[in-house]
Participant: 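Sharing a structure with you now.
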Amino acid sequence: MSQSLASVKLHVVFSTKCRNPWLVPELRSDCYQYLTAVAKNNGSHVYEVGGVSDHIHILLTLPRTVALSEFISMLKTSTSRWLKTKDIGLRHFAWQTGYGVFSVSESQIEHVRQYIRNQEIHHRKQTFKNELIKFLTMSNVPYQEQYLLD
């Protein structure tokens, strides 16, 4: 094959440092647009971005020329720098060190999009920690609970 082709769809989840509720509703839309722009500028297609005050979910494609850890780091670093310029109260903003990434099949894209859109409703009933553990368990990802959240 003379060219490299890929279609890797991912559900990415990460929280603010110590789950601080920095992502107030007035800020989220701009943050999601910024994240989308950074991802697109680096070769990703973004299907959906959403979340609540202390974490976000992104459904996107992994660019075929970028390593996963490098891509997530770029998203987090770019948005963190940008958020710190938005308000003096955000000067100490930080994302958690880690992240969760889960593969998504083509047939599940719409389901995951709906899940991301309904984060506000979903988190009236379930904590971020329980949500993350559910994803890890469903995907058979081994983890040590004491290291899940920082």
Side-chain angles (χ1 to χ4, degrees), residues 6 8-104 108-139 141-150:
V8 180
K9 291 151 187 85
L10 303 172
H11 180 178
V12 179
V13 184
F14 50 86
S15 79
T16 58
K17 183 81 172 170
C18 300
R19 266 103 17 250
N20 288 324
W22 277 319
L23 302 174
V24 295
E26 309 80 56
L27 184 62
R28 284 184 215 153
S29 180
D30 288 344
C31 181
Y32 301 161
Q33 288 177 11
Y34 189 85
L35 267 168
T36 299
V38 170
K40 285 182 177 180
N41 288 340
N42 287 280
S44 177
H45 174 76
V46 177
Y47 292 93
E48 201 72 44
V49 181
V52 292
S53 64
D54 66 351
H55 73 278
I56 64 164
H57 294 255
I58 313 165
L59 177 61
L60 47 65
T61 58
L62 178 66
R64 64 176 181 76
T65 58
V66 182
L68 175 62
S69 59
E70 181 183 330
F71 184 64
I72 302 300
S73 177
M74 176 182 36
L75 290 176
K76 290 167 66 176
T77 301
S78 297
T79 53
S80 180
R81 282 187 193 137
W82 176 80
L83 282 164
K84 288 175 183 181
T85 70
K86 299 307 286 176
D87 186 280
I88 193 154
L90 293 169
R91 69 181 177 273
H92 298 294
F93 178 87
W95 295 114
Q96 73 177 116
T97 304
Y99 56 86
V101 178
F102 307 93
S103 60
V104 177
Q108 293 300 306
I109 288 176
E110 195 52 42
H111 175 74
V112 175
R113 289 183 80 174
Q114 283 299 114
Y115 182 82
I116 292 171
R117 286 182 196 135
N118 291 321
Q119 283 295 292
E120 288 284 342
I121 295 166
H122 173 74
H123 283 290
R124 291 180 193 153
K125 301 174 191 166
Q126 187 173 47
T127 66
F128 174 62
K129 181 179 179 180
N130 289 340
E131 175 184 52
L132 184 57
I133 288 172
K134 178 181 140 194
F135 284 138
L136 293 167
T137 303
M138 287 174 38
S139 299
V141 176
Y143 64 92
Q144 294 180 0
E145 192 168 338
Q146 70 266 31
Y147 301 117
L148 278 184
L149 305 172
D150 58 359

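Treat the numbers as computed from the prediction; the structure is a model and nothing was measured.
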Participant: Keeping the roles fixed (side chain from Ser53, backbone from Leu23), state whether a donor-acceptor pair exists under 3.5 Å.
Facilitator: no
Participant: Would you say Asp30 and Trp82 make side-chain contact, with heavy atoms under 4.5 Å?
Facilitator: yes
Participant: Which distance, rounded to the nearest 0.5 Å, do you find between the CD of Glu48 and the NE2 of His57?
Facilitator: 11.5 Å
Participant: Looking at Phe14, does the NZ or CZ of Lys76 lie under 6.0 angstrom from its six-membered ring centre and within 45 degrees of the ring axis?
Facilitator: yes
Participant: In sequence, state the C-alpha distance, the side-chain angles, and the governing distance for Ile58 and Tyr32, and then conclude on side-chain contact (heavy atoms from CB on, under 4.5 Å).
Facilitator: CA-CA 9 Å; Ile58 313 165; Tyr32 301 161; over 6 Å; no
Participant: Take His11 and Ile116 through the side-chain contact (heavy atoms from CB on, under 4.5 Å) test and state the conclusion after the steps.
Facilitator: CA-CA 9 Å; His11 180 178; Ile116 292 171; 4.2 Å; yes
Participant: Is the closest side-chain heavy-atom distance between Trp95 and Leu75 below 4.5 Å?
Facilitator: no
Participant: Taking Ile121's backbone N and O only, do any of them form a donor-acceptor pair with Arg124's side chain (distance below 3.5 Å, no angle check)?
Facilitator: no
Participant: Please indicate whether Lys40 has more than 12 foreign heavy atoms, meaning atoms of other residues, nucleotides or ligands, lying under 6.0 Å from its NZ.
Facilitator: no
Participant: Test Leu60 against Leu10 for side-chain contact (heavy atoms from CB on, under 4.5 Å), laying out the working first.
Facilitator: CA-CA 5 Å; Leu60 47 65; Leu10 303 172; 4.2 Å; yes
Participant: Work out which heavy atom in Arg64 is nearest to a heavy atom in Ala6; give both atom names and the distance.
Facilitator: CB-CB, 3.9 Å
Participant: Can you find a heavy atom in the side chain of His55 that is under 4.5 Å from one in the side chain of Gln119?
Facilitator: yes
Participant: Treating Thr79 as the side-chain partner and Leu35 as the backbone partner, does any N or O pair qualify as donor plus acceptor under 3.5 Å?
Facilitator: no
Participant: Just how far is it from atom CZ of Phe102 to atom CG of Leu132, taken to the nearest 0.5 Å?
Facilitator: 5.5 Å
Participant: Using a 4.5 Å cut-off on heavy atoms from C-beta on, say whether the side chain of Val101 contacts that of Leu62.
Facilitator: no
Participant: Should Arg19 and Lys129 count as side-chain neighbours, where that means a heavy-atom distance under 4.5 Å?
Facilitator: no
Participant: Between OG1 of Thr61 and CZ of Phe71, what distance do you get to the nearest 0.5 Å?
Facilitator: 7.0 Å
Participant: Using only atom types and a distance under 3.5 Å, with no angle test, would you say the side chain of Asn20 pairs donor to acceptor with the backbone of Trp22?
Facilitator: no
Participant: To the nearest 0.5 Å, tell me how far Ser78 OG sits from Asn41 CG.
Facilitator: 9.5 Å
Participant: Can you give me the closest heavy-atom contact between Ala94 and Ser80, atom names plus distance?
Facilitator: CA-OG, 4.3 Å
Participant: Under the criterion side-chain contact (heavy atoms from CB on, under 4.5 Å), I'd like the reasoning laid out for Tyr143 against Thr137: C-alpha separation, chi angles, the key distance, then a yes or no.
Facilitator: CA-CA 9 Å; Tyr143 64 92; Thr137 303; 4.1 Å; yes
Participant: Can you tell me how far CD of Glu110 sits from CZ of Arg113, rounded to the nearest 0.5 angstrom?
Facilitator: 5.5 Å
Participant: Could you tell me the separation between the CZ atom of Arg81 and the CZ atom of Phe93, rounded to the nearest 0.5 Å?
Facilitator: 13.5 Å
Participant: Using a distance-only test with no angle check, is there a side-chain donor-acceptor pair under 3.5 angstrom linking Glu131 and Tyr115?
Facilitator: yes
